[in-house]
Amino acid sequence: MKLSKMLISTLREVPAESEIASHQLMLRAGMIRKMASGVYNYLPFGIKVIKKIEDVVRQGMDAADAQEFLASALIPSELWVESGRWDVYGAELFRLKDRNEREFCLGPTHEEVFTDIARNEIKSYKQLPLNLYQIQTKYRDERRPRFGVMRSREFIMKDAYSFDASNEALDKSYNKMYDAYNNIFKKCGLTCKAVEADSGAMGGSGSAEFMVKSEVGEDEVVFCTSCSYAANMEKAPGTPEIMEKKEFKELNKILTPNVKTIEDLEKFFNTTSKGFAKTLIYKADKRVIAIVLRGDRQLNETKVKNKIGGALEFEMADAETVMTSTSAAVGFAGPIGIVADILLVDEEIVNMYNFIVGANDTGYHYENVNYGKDFNGIVGDYRNVNEGDKCTKCGSALTIARGVEVGHIFKLGTKYSKAMNATFIGQDGKNKPLVMGCYGIGINRTMAAIIEQNHDENGIKWPLSVAPYQVVVVPVSTKDEGQMEIAQEIYDNLKKIGVEVLMDDRNERVGVKFKDLDLIGIPIRITVGKRISEGNVEFKLRSEQENEIIQIGSVINRVKEEFNNNNIIL
Ligand code: ATP
Ligand code: MG
């Protein structure tokens with residue numbers, strides 16, 4: 001393509017609406033434009049990258065024996081009613097009615113649709129295993145669309161669904177996807193790690209998220225500093241800290257006026273936050289849940305929700321509920337005598353001795369409190385891992401980093417097949433529910449994550465595998481016939497061998513061209529200037545600082561070498 005004939009929409013200024021590098025650079029490089037909150041249009045360079053990532057994903061899926069499919073994004077409500085999700089999915093689901101008042105949704109994910117397809121198409125164990133995938137637009141009315149296409153309301157997902165005859169067979173299908181995902185993300189130039197993920201809400205038995213380490217990630221990931229263990233914070237267990245064993249002391253109620261926060265308490269009792277237990281009160285739909293944690297701990301909402309069997313709405317209780325449960329002002333809640341539907345006690349509390357809690361009486365606390373003697377509850381792991389907690393696998397220190405979830409794989413088991421009666425006839429002639437897995441990759445989010453990991457102050461540095469174009473030929477002066485002739489020859493020759501090549505034939509200063517090309521991030525630049533009199537041109541990689549001066553006749557080989565280095569076959 002000749003740049004003079006293309007729409008180039010680069011921006012010099014950093015747009016005010018963007019908060020993170022990938023969002024800024026996608027706007028500045030003229031890849032996307034916002035149409036509404038969380039809704040984006042893709043410009044020519046943007047859609048090129050999307051297509052390239054889709055190709056990498058498609059090749060990876062095909063190599064893993066998955067078959068491409070295309071389902072409709074418009075889904076009749078009946079399927080969602082059958083699975084039970086029509087009522088529980090909540091406000092994220094875009095719902096609409098047709099002219100006959102029939103209800104539909106725009107698919108945020110396609111378990112129901114593929115379970116329906118499977119029950120119609122799969123009859124016998126002889127057709128299994130089967131893995132069907134699609135690359136298709138999804139709709140989610142996100143509470144907080146942000147960071148450009150990282151979290152948008154319309155996005156492209158590769159979603160795959162596997163169907164097997166048994167749990168053992170599902171394990172195989174799942175592991176195949178696990179390996180395929182690692183290959184796909186590597187090929188996209190991403191450094192990413194599979195981490196254990198929560199599977200509570202979807203009701204499955206195993207799940208992994210593919211996380212790209214990044215400051216801008218919305219997920220917290222727990223890593224072991226020594227072994228390979230990694231898990232999403234939502235799921236990660238930590239080893240509870242065992243406190244030094246002590247004799248139980250006599251429970252004592254103490255007047256603590258104006259002492260409300262943990263800091264106030266630390267001062268008043270002259271101890272650290274580890275000497276206290278805090279009692280948090282939440283509303284889970286209509287139920288009141290009280291949770292007791294050590295003073296320095298954070299509540300893990302996912303673990304709590306899984307323990308209480310899920311909740312549509314889960315939020316901190318309002319002041320009125322707190323006062324009803326504790327018969328006291330906010331700030332004096334404690335486990336002794338609290339009125340709640342469920343009292344959850346973090347396992348660490350069981351190993352604490354003579355600690356301090358709120359007394360459910362305004363202005364009072366108890367000291368010398370002990371679990372089992374002064375109160376009881378449902379003991380479990382309800383806390384977030386803290387930096388430095390011990391790994392449950394090897395005992396070394398855990399550390400916490402932020403990550404962007406680009407992919408997610410999930411063992412669904414028979415949740416959907418049982419609900420929707422998707423069965424097959426087994427080898428023994430009996431009817432059985434299909435055993436399912438589901439596997440997602442966010443195409444647009446992957447694009448943004450690649451930019452987060454591959455950019456500098458001048459713009460994007462696309463890995464060769466997903467670049468919108470692989471090479472650009474830049475004549476320094478479009479008025480110089482000699483330069484134009486050689487540029488055209490190089491361009492034609494590269495095109496002939498299948499390179500995706502651009503020619504910057506715009507009548508602009510070369511500095512302006514370089515600025516645009518660096519911003520857009522074309523990996524290989526060949527500059528045709530005055531050096532042609534010596535038979536040379538400049539060869540520059542976007543990822544390197546230095547130019548190479550090479551002979552005109554060796555351009556093709558140098559480009560081929562670079563493709564080889566990146567395992568890209570021409
Ligand atoms: P998140 O926790 O970030 O909302 P999710 O768990 O809802 O993600 P899945 O339902 O597992 O995501 O979807 C599969 C993939 O689709 C995700 O790994 C992610 O890459 C992508 N994805 C999900 N929601 C969005 C969104 N709003 N915008 C862009 N990509 C998304
Ligand atoms: Mg989500």
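Along the sequence shown, the residues carry numbers beginning at 1. Values in this document were obtained by computation on a predicted structure and should not be read as measured data.
- Between the Glu452 side chain and the Ser22 main chain, a donor and an acceptor come within less than 3.5 Å of each other.
- In this structure, a donor-acceptor pair under 3.5 Å is absent between the side chains of Glu500 and Tyr469.
- Here Lys176 does not pair with Asp179 in a salt bridge; the nearest charged N to carboxylate O distance is not below 4.0 Å.
- Residues Tyr133 and Tyr439 keep their aromatic ring centres 6.0 Å or farther apart.
- Using a 4.0 Å cut-off between charged side-chain N and carboxylate O, Lys461 and Asp518 make no salt bridge.
- With 3.5 Å as the limit, one finds a donor-acceptor pair spanning the side chains of Lys187 and Gln59.
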**Message:** Evaluate Phe163 against Ile122 for side-chain contact (heavy atoms from CB on, under 4.5 Å), listing each step before the verdict.
**Reply:** CA-CA 9 Å; Phe163 302 93; Ile122 299 174; 4.0 Å; yes

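- Asp516 has no carboxylate O lying under 4.0 Å from a charged side-chain N of Arg28, or vice versa, which leaves the two without a salt bridge.
- Looking at Arg33, its side chain does come within 3.5 Å of a backbone N or O of Leu27 through a donor-acceptor pair.
- Of the possible polar contacts, none joining the Arg542 side chain to the Leu517 backbone as a donor-acceptor pair under 3.5 Å is found.
- If you take CZ on Arg140 and OG on Ser152, they are separated by 10.0 Å, rounding to the nearest 0.5 Å.
- Remark: Glu17 CD is packed, more than 12 non-hydrogen atoms of other residues, nucleotides or ligands lying under 6.0 Å away.
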**Request:** Could you walk me through whether Asp159 and Lys138 pass salt bridge (Lys or Arg N to Asp or Glu O under 4.0 Å), step by step?
**Result:** CA-CA 10 Å; Asp159 47 328; Lys138 298 280 184 267; 3.0 Å; yes

**Request:** Evaluate side chain to side chain donor-acceptor pair (under 3.5 Å) for Tyr416 paired with Glu111, printing each intermediate quantity in order.
**Result:** CA-CA 7 Å; Tyr416 290 90; Glu111 283 77 14; 4.8 Å; no

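- Applying the 6.0 Å contact sphere to NZ of Lys186 captures no more than 12 heavy atoms from other residues, nucleotides or ligands.
- Here Asp381 pairs with Arg383 in a salt bridge; the nearest charged N to carboxylate O distance falls below 4.0 Å.
- Under the 3.5 Å distance criterion, the side-chain polar atoms of Arg445 are left unmatched by any main-chain donor or acceptor of Val149.
- Listed for the Asn175 side chain is no donor-acceptor partner under 3.5 Å among the backbone atoms of Lys172.
- For the pair Lys411 and Tyr174, the distance from NZ or CZ to the six-membered ring centre is under 6.0 Å and the angle to the ring normal is within 45 degrees.
- Within the 3.5 Å criterion, the main-chain N or O of Val81 finds no donor-acceptor partner in the side chain of Asp87.
- Sparse packing is recorded around CD of Gln427, with 12 or fewer heavy atoms of other residues, nucleotides or ligands lying under 6.0 Å away.
- Salt-bridge annotation for Arg85 and Glu112: present, with a side-chain N of the basic residue lying under 4.0 Å from a carboxylate O of the acidic one.
- For Arg58 and Asp55, the salt-bridge test passes: some basic side-chain N is under 4.0 Å from an acidic carboxylate O.
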**Asked** Going through the checks in order, is the side chain to side chain donor-acceptor pair (under 3.5 Å) test met by Asp65 and Asn131?
**Response** CA-CA 7 Å; Asp65 300 322; Asn131 187 328; over 6 Å; no

**Item:** Val474 and Arg525: CA distance, side-chain angles, deciding distance, side-chain contact (heavy atoms from CB on, under 4.5 Å) verdict
**Value:** CA-CA 7 Å; Val474 188; Arg525 186 177 82 199; 3.9 Å; yes

Identify all side-chain donor-acceptor contacts of residues 559-567 below 3.5 Å with residues at least two apart in sequence or on another chain.
residue: Glu562; atom: OE1; partner: Arg558; partner atom: NH1; Å: 2.9
residue: Glu562; atom: OE1; partner: Arg558; partner atom: NH2; Å: 3.2
residue: Asn566; atom: ND2; partner: Glu562; partner atom: O; Å: 2.8

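- The main-chain N or O of Asp389 is never found under 3.5 Å from a side-chain atom of Asn386 such that the two would form a donor-acceptor pair.
- Under the 3.5 Å distance criterion, the side-chain polar atoms of Thr225 are matched with a main-chain donor or acceptor of Ala397.
- Of the charged side-chain nitrogens involved, none lies within less than 4.0 Å of a carboxylate oxygen, so that Arg402 and Asp219 do not count as a salt-bridged pair.
- A cation-pi arrangement, defined by a distance under 6.0 Å to the six-membered ring centre and an angle within 45 degrees of its axis, is absent between Arg95 and Trp80.
- Side-chain atoms of Gln134 come within 3.5 Å of backbone N or O of Ala71 as a donor-acceptor pair.
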**Prompt:** Step by step, would you call Ser173 with Asp164 a side chain to side chain donor-acceptor pair (under 3.5 Å)?
**Reply:** CA-CA 8 Å; Ser173 298; Asp164 279 290; 2.6 Å; yes

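- Of the possible donor and acceptor atoms, one in the side chain of Asp456 sits under 3.5 Å from a partner among the backbone N and O of Asn458.
- A salt bridge does not link Arg144 to Glu218: none of the charged nitrogens lies less than 4.0 Å from a carboxylate oxygen.
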**Message:** One pair to check against side chain to side chain donor-acceptor pair (under 3.5 Å): Tyr42 and Asn444. What are the steps and the verdict?
**Reply:** CA-CA 10 Å; Tyr42 281 78; Asn444 328 57; 2.9 Å; yes

**Message:** Determine whether Met61 and Met177 satisfy the following criterion, side-chain contact (heavy atoms from CB on, under 4.5 Å), listing intermediate values before the conclusion.
**Reply:** CA-CA 8 Å; Met61 295 302 290; Met177 284 293 105; 3.5 Å; yes

Below 3.5 Å, can you tabulate the donor-acceptor pairs from side chains in residues 206-216 to any protein atom, sequence neighbours excluded?
residue: Ser207; atom: OG; partner: His408; partner atom: NE2; Å: 2.8
residue: Ser207; atom: OG; partner: Ile409; partner atom: O; Å: 3.3
residue: Glu209; atom: OE1; partner: Asn232; partner atom: ND2; Å: 2.6
residue: Ser214; atom: OG; partner: Val216; partner atom: N; Å: 3.2

